Each structure stands twice: as structure tokens, then as C-alpha cells.
Amino acid sequence: MKHVFCSIMIIVVLGDYSLEAQNLLYDYSFDADLQGWTPIGVRSSDPSHNADALWIWTSDGTSQGAFANSQDIISESGGGAALFDSDYLDNGGDRNGSGTGPAPSPQRGELLSPILDFSSQSKVILLFHQYYRYYSKNGVDFSTSNSNVQVSTDGGASWDSIRVNDEINSNRSTDRNDIRLLDISQYAANQASVQVKFVWDGDYYFWLLDDVRFYDAIGSELEILAVTAPDNYISPQYFFVNDSVDLEIKIRNSGDIVSTNIEVLVQVLDQDQVAFYSQSSALGSLSPSSELIYDFPSDFSPGLLPEGEYFLKYSVNSPDFPDIRESNNEEIINFSISDGRLKKVPDPANSSAAYFPNTDFSFANIFEIPSEVPNRKVNVFWFSCSAVGTSLKGQVVKAYLVELPINVSRTGEDLLNSVVDLVNFDASTDLTTMQAVGWVIGQGEKSFTSADPTEGNFSISLNNSNGMDVVMQSGRTYLAIASYINANSQIAQDMTETYPLYQLTTIAQTTGNWSLVPDYYKSVAAIYLETEIVPATDGNYCISAREIKGNGIISAEGPLDGRGCYSCDQAVHADWYYFDAIQAGTIHIESCLFGVDTRLFVYSGDCMNLTPTISGDDECILVPGGNSYATQVSFPVSMGVRHYFEWDNRWSEAGFNFEFIFVSDLGNCTVSTNNDTGEGSLRNAIDCASPGTRFISVPY
């Protein structure tokens, strides 16, 4: 949300780099077959099937394993791809068929290239598109993957190995459109007989390859390393009112030439992909291996966005040369405005999950409620999980909503430069302690039955000890915790790993201590809340506007706080009122002669969709003989229409008085009590004879 941060630009130009583009030497798109690459089965857990541990060509670019997913690799050429399908080779596509497939896991399979001639090249660059998902080395060792690329120049007698995908932890995957660059010059340059092979060595899930290419240089290669974004994938509408997103981008020149005339662009698109916000900057030049963080001069201040889906799009380019891989020159983050959901990330795309077998553990998402929004009641706690075995029946997950002390908050004022942490939070504070000190404001549990699926989203109703609503207060930080204890630690908490967030969002607890989740900016627990605004009448926001019940002089406390203005031209705070017209007539409202400089905006509609009606500023005098800085407006109203009045702090935050007058078109009115005060009825009946007489309306 809103941060104060100066624009910075770090440009480092070192060395003497020539400006020249790369040449394509070999291109394997695997559109119709493996194009001369040879699959070699090396090892299966069943030695009789060693030779069956093979890479294959697939026409649709998807794994057929029972536990993988049906998503395909995204590549430039599209079409077919090379695939090592460890999942399918083990189970044959049957969830209950573990070890019964063509080559039970763990397996080792190699994909060997034709002979490649690089005798005239002083540099050799390997580029490949991939979609890679990994579980373990052998079902016991869950450390980093063991897949690699190997190079031979002596007919396969010896091989040099380059490890790849080491950053992909257990149950994690690359993006579907991941593109890797490897400089293999030290092995292949100036060599006439080179072979390259991709080696899968592990236990589940798959490795998809496409568009394997060899170049004589990298050339231009700018990439986006990180960007800032809204705090949540889904936010209630008022989370953005009078707040802003500090727009930053971190880029690197991973090429071997100077990137010149670099341009960065950030846009916000609506659900029709139409840009309604745009900001661009020219950054100059950046030398190879250099990085910079750029803070765009202006923040994105969305105001009251209509509910729906939006897209925050960053891009970088150097127009002087084409980039060797353009997929990392763009980052698109979708976010949504909702009526009440509060959700860090989308649902997991490929059922990735994390758990600590036989150890009590909990995952918590961190939610911050902006100080600018009203309190929110929590109705439902949602979480996503999956069974490690075959069923969730009989197991239990407990949910807790924890309100942290006022001095606990996430770091992040330096945004992309920051070190993530929860400031003033003792990582050894377990749930028992949180309950004892009163931090737990709501809890509940989900007991699974045979009717529940083995994975998916599940809901829990929260309650507290005093029977009151579970309320999240503005300006506070919360932990939404899904807890797996005792035998229930065999359940896995689902994670979302492909939605980039720059700030700390999820922490995990085992044996009493909380810690960062690996790859905290991408591995986020699938936990979210359904909330609603707590009805209030503090007048600080449209949603908590005070009702005007009749004619007379009204004393307003002054637009000191709440940051509730809607028409925020040089204003921040507002005092809000509303009036329901139960007959057609005219409203006259003024702050004349009350001594305070005021400004007024009037709207019809509702707080989610306000329609401007009229505004007033400087129509009448403050005091006798004084300046005309007070407000006076009159306008007609229709029966049954509610109007909202926003007095903002454009000119003053002092308390003030204003007079409200409603004149009915129907005339003299007498008011009698109607004892039927049920919902939808009026507390008063109105009898009007002749036009023009003021009356007091008392709506239900």
C-alpha cells in the first residue's frame, strides 16, 4: 500500500562491450518428433524396466501422470514437446497404481542430441523452454533436484555436467513458460563434435522441453527480477480507497552486450484488457551483469474501483536489439476487487502442497487491515489442502485468527530493497501462548467425512469465547492460521507458487517456532477469508455515514480522520451523512455564517457506486461581513432516493455546523406513529395537504 520512497536508478557501465546481436546455430522445436534426439533409459527402481525409463515426444505438451496436472508447456513454437513423465512411468496414470507403471520411480532417463559442430564459434549459448515439476530424488531425499544438462566432446566417453532447476524444492514447479539460458562455451566452443543431453534423475513428476536452441552469443537479455504489487490477490473494495501502490521494478542485464535506451512501462488494465493507467520512463544504459531498482515517479492510486478483475503489467525493453528471450521482459499480475473476500493468492494451479510428516505444524498468512478502512467482520475462514494418503476422512484441521499486538508489522518500507520480517514478533510464540495472552480472536475446525474430496477448498466458521462477532480492526496485523496437529499432520497444506508477491506473506510453524517459508515471495499458503464491513455510524466513510433524520442545524465533528473522501481532489478526510427522501421535494443544505471554510459533495446511489449530484464551495459568507468561503446548495430529490453528503477537509479539519432543510412537494404534513416497525416498513405515516411546507421525515 502507500509508502514514501524516493525514485532511484542505479546504472553501472563497466568494460568495453561490442553492440552485436546473436546468431541462431541450431533450432529444435519438436513440432512433429524429437528431431534426431535419442531417448536412453538408464535406471528404474525395477531394474527389469531400466530401458523403459525413456523420454518421449508428446503432441500436446502435457504429463499423463496421475498426480501431475493437465497443464501444457507454454513455448514460442507451440505444438509438440519432449517429455520425461516420471509420474506416469511410475503409476500409468492411475492414482492407486503406484509402482505398477512402465518404469517405476525413481528413474534416470537421458535425452541425447545429434552431433553438433561448434568449431567456428568462440561462444556457445544453450537456450531451452521448459516446464519442470519435482518431488524428490528417491522418495526419501527431498532436497534439491538432481536434474542436469551434460556436454561431451569425445563421443560420450566423458561428460561435463551443469545442474539445473536446483531452486525447485519438493512439490514445486517452474512456470509453464520458463526459459533457461546456459553458457556452455567452456565445454563446447571451438569443438567440432559436441553432444548435449538432458538428464532426469528423480522420483516424480515431469520435465517438458521445447524450442531447444543454440546461439553464438547471448546478445541482448534484459529480465525483470521483481516488481511490487497490491498486497492481496483479492481485496475488498474499500482497501484501495485513498491508498496507493508504490510501483517499483527490479531489472538485470543478463546479456553480453550493453543494453541501451532502456524503457520501462507499467500499466493497469481492466477486465477487458484496456489500459486505464500508464506510466513509462527512459533509463539509459545498463552493462552486462548489472542490476537496478527503479521506483516510478508516481504511485498508482486506484480510488474506489468497481468490483472485478484487473491486471498490473510491467515491461522492459531495449529497442536497439531484439531480446534473446522476451518472456522475462514482462510481468503481469492480476488482482481483483471484491465485495468482501480477502485472499493473498489464487488457488494453487497444480495442487502443490507442503507438510511436515509426523510433526505438528501450522501455516499462517499475514493480513494487514489498512488504517483507512472500516473494521471488518470475518464470516468464513477458507483453506486449501490435500490428503497425503487416499482420504481425508476422520482428520481435523483447526483454524485460528490471531490479532497481533499493535507494534507488530511486516517490514517493507524499502520495498524491493527490504529484508522481510515480522518486526517485534517473537518467533517462539506458539498457539497455546497466543490463546493465553488473548491474541486469538476467532477459531474453529473442520472435521472431514467420507463425503469430502481428497483435496480442494474447505470452509470453517469462526467463533470466539464471548459469542460476539469475529472482527478485524483497521490498522492491525493478523495471522490466519491453518493448524495440523497429531495424526492430522499427514494432511498437506496447499501452496500457490506462481503468483509473485514482494512482501512477506506466509510463515510456517513447527515444534513451536515460526519461520519464513522457502521462496516466501512465491510459496504462499492457500488461505483466505470472507469478510464484511462492520456497520458503523462514525461518519468517517460513506459506508458508515450518519443519518440525517430531520430538518435543523447539525454539528459535525470535522473531517479529521478516516481518510474517507471520495472526491479526493486535494483532500484526504471527510465527514459523511445521508438522507432518505420518503417524498419528492427539495433539499437545501448550507454552512453559511458558522465560521468554518467548508466544501461539500452530494451523491446518489450507494457507497459502491456513487453518482455525483451537486457540489458546493464558496457560495456564502463565513461570518457577517466575512469572506464567501462557506457552502450552500439546493437540489430536487425524488421519492425513495438516498443521498450522501461528503464534507471534506480541502480547506479545514475543524468542527463545524450546517443547516439541513427538506421541503416536500406535497405540502403541509402531519406525522403519526406507525407501530409496524418491521423491516421494510416506515415508522411514520405522512399526510400532506398543500405544497411548500417543511416537515421532519423519520425513515425506518
Side-chain angles (χ1 to χ4, degrees), residues 1-22 76 125 127 177 179 181 215 217-230 243-270 273-303 310-335 412-418 500-503 521:
M1 294 295 181
K2 178 66 178 176
H3 302 277
V4 179
F5 193 82
C6 298
S7 295
I8 60 171
M9 183 166 61
I10 306 170
I11 301 290
V12 182
V13 180
L14 299 172
D16 181 17
Y17 298 94
S18 59
L19 296 177
E20 56 185 35
Q22 72 281 352
E76 186 175 324
I125 304 298
L127 177 148
N177 61 345
I179 302 177
L181 280 177
Y215 294 88
I218 298 177
S220 178
E221 166 58 352
L222 288 171
E223 61 178 317
I224 297 176
L225 300 179
V227 295
T228 54
D243 205 352
S244 61
V245 179
D246 193 337
L247 303 171
E248 292 190 23
I249 184 172
K250 183 178 183 179
I251 65 175
R252 178 170 62 201
N253 180 1
S254 298
D256 47 22
I257 64 173
V258 175
S259 292
T260 55
N261 297 317
I262 296 173
E263 299 172 348
V264 289
L265 171 69
V266 61
Q267 298 173 295
V268 183
L269 315 176
D270 64 18
Q273 301 290 308
V274 176
F276 64 92
Y277 176 89
S278 181
Q279 190 177 173
S280 62
S281 296
L283 303 188
S285 301
L286 189 64
S287 64
S289 302
S290 296
E291 299 178 358
L292 68 84
I293 296 174
Y294 182 70
D295 187 353
F296 285 87
S298 299
D299 296 344
F300 170 51
S301 300
Y310 299 88
F311 303 87
L312 182 60
K313 178 180 179 181
Y314 291 88
S315 58
V316 60
N317 79 94
S318 173
D320 296 334
F321 296 99
D323 209 274
I324 192 171
R325 51 175 178 174
E326 296 182 348
S327 63
N328 57 10
N329 291 17
E330 189 174 270
E331 184 76 65
I332 299 177
I333 304 169
N334 58 317
F335 66 96
E413 287 302 314
D414 289 332
L415 299 179
L416 297 184
N417 270 329
S418 67
L501 292 169
Y502 67 90
Q503 76 277 41
Y521 58 95

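Everything quoted here is computed from the prediction, not taken from an experiment.
- Taking each heavy atom of D270 and Y310 in turn, the nearest pair found is CA-CD2, 3.9 Å.
- S220 and Q22 get closest at one heavy-atom pair: N-OE1, 4.1 Å.
- Residue E331 comes nearest to I224 through the heavy atom pair N-CD1, 3.9 Å, listed as atom of the first residue, atom of the second, then distance.
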>> Walk me through whether L225 and E291 qualify under side-chain contact (heavy atoms from CB on, under 4.5 Å).
In response: CA-CA 9 Å; L225 300 179; E291 299 178 358; 3.7 Å; yes
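- There is a side-chain donor-acceptor pair under 3.5 Å between N261 and D320.
- Atoms CD1 and OH, from I249 and Y294 in turn, are 10.5 Å apart once rounded to the nearest 0.5 Å.
- In this structure, the side chains of Y314 and V264 stay at 4.5 Å or more apart for every pair of heavy atoms.
- Separating the OH atom in Y215 from the CD1 atom in I125 is a distance of 11.0 Å, to the nearest 0.5 Å.
- The only member of L247, D246, L265 that meets side-chain contact (heavy atoms from CB on, under 4.5 Å) when paired with F296 is L247.
- With contacts defined as side-chain heavy-atom distances shorter than 4.5 Å, the pair P288/V258 qualifies.
- If you check the side chains of E221 and N328, you find a donor sitting under 3.5 Å from an acceptor.
- Under a 3.5 Å cut-off, the side chain of D256 and the backbone N or O of G219 do form a donor-acceptor pair.
- To the nearest 0.5 Å, the span separating CG on L312 from CZ on F335 amounts to 6.5 Å.
- Enclosure of atom CD in E326 is not indicated, since only 12 or fewer non-hydrogen atoms of other residues, nucleotides or ligands lie within 6.0 angstrom.
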* **Y502 vs V227, side-chain contact (heavy atoms from CB on, under 4.5 Å): CA-CA, chis, key distance, verdict** => CA-CA 7 Å; Y502 67 90; V227 295; over 6 Å; no
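- Closest heavy-atom contact between P230 and L501: O-CD2, 3.9 Å.
- For K250 against L416, the heavy-atom pair with the smallest separation is N-CD1, 3.8 Å.
- For the pair R325 and E223, the minimum side-chain heavy-atom distance is below 4.5 Å.
- Between S280 and E263 the shortest side-chain heavy-atom distance does not fall below 4.5 Å.
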Note to self: Show, in sequence, the C-alpha distance, side-chain angles and deciding distance for V268 and V245, and conclude whether the side-chain contact (heavy atoms from CB on, under 4.5 Å) test is met.
What the structure shows: CA-CA 11 Å; V268 183; V245 179; over 6 Å; no
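- A side-chain N or O of S254 and one of R252 form a donor-acceptor pair less than 3.5 Å apart.
- Within the structure, salt bridge (Lys or Arg N to Asp or Glu O under 4.0 Å) contacts touching residues 274-290 (residues at least two apart or in different chains) do not occur.
- Atoms CG and CD1, from D323 and I218 in turn, are 10.5 Å apart once rounded to the nearest 0.5 Å.
- Separation of atoms OG1 (T228) and CG (D295) is listed at 7.5 Å; rounding is to 0.5 Å.
- A side-chain donor-acceptor contact under 3.5 Å links N253 to the backbone of L286.
- The distance from atom CD1 of I251 to atom OG of S315, rounded to the nearest 0.5 Å, is 10.5 Å.
- In plain terms, the two heavy atoms of N317 and L222 that are nearest each other are C-CD1, 3.8 Å.
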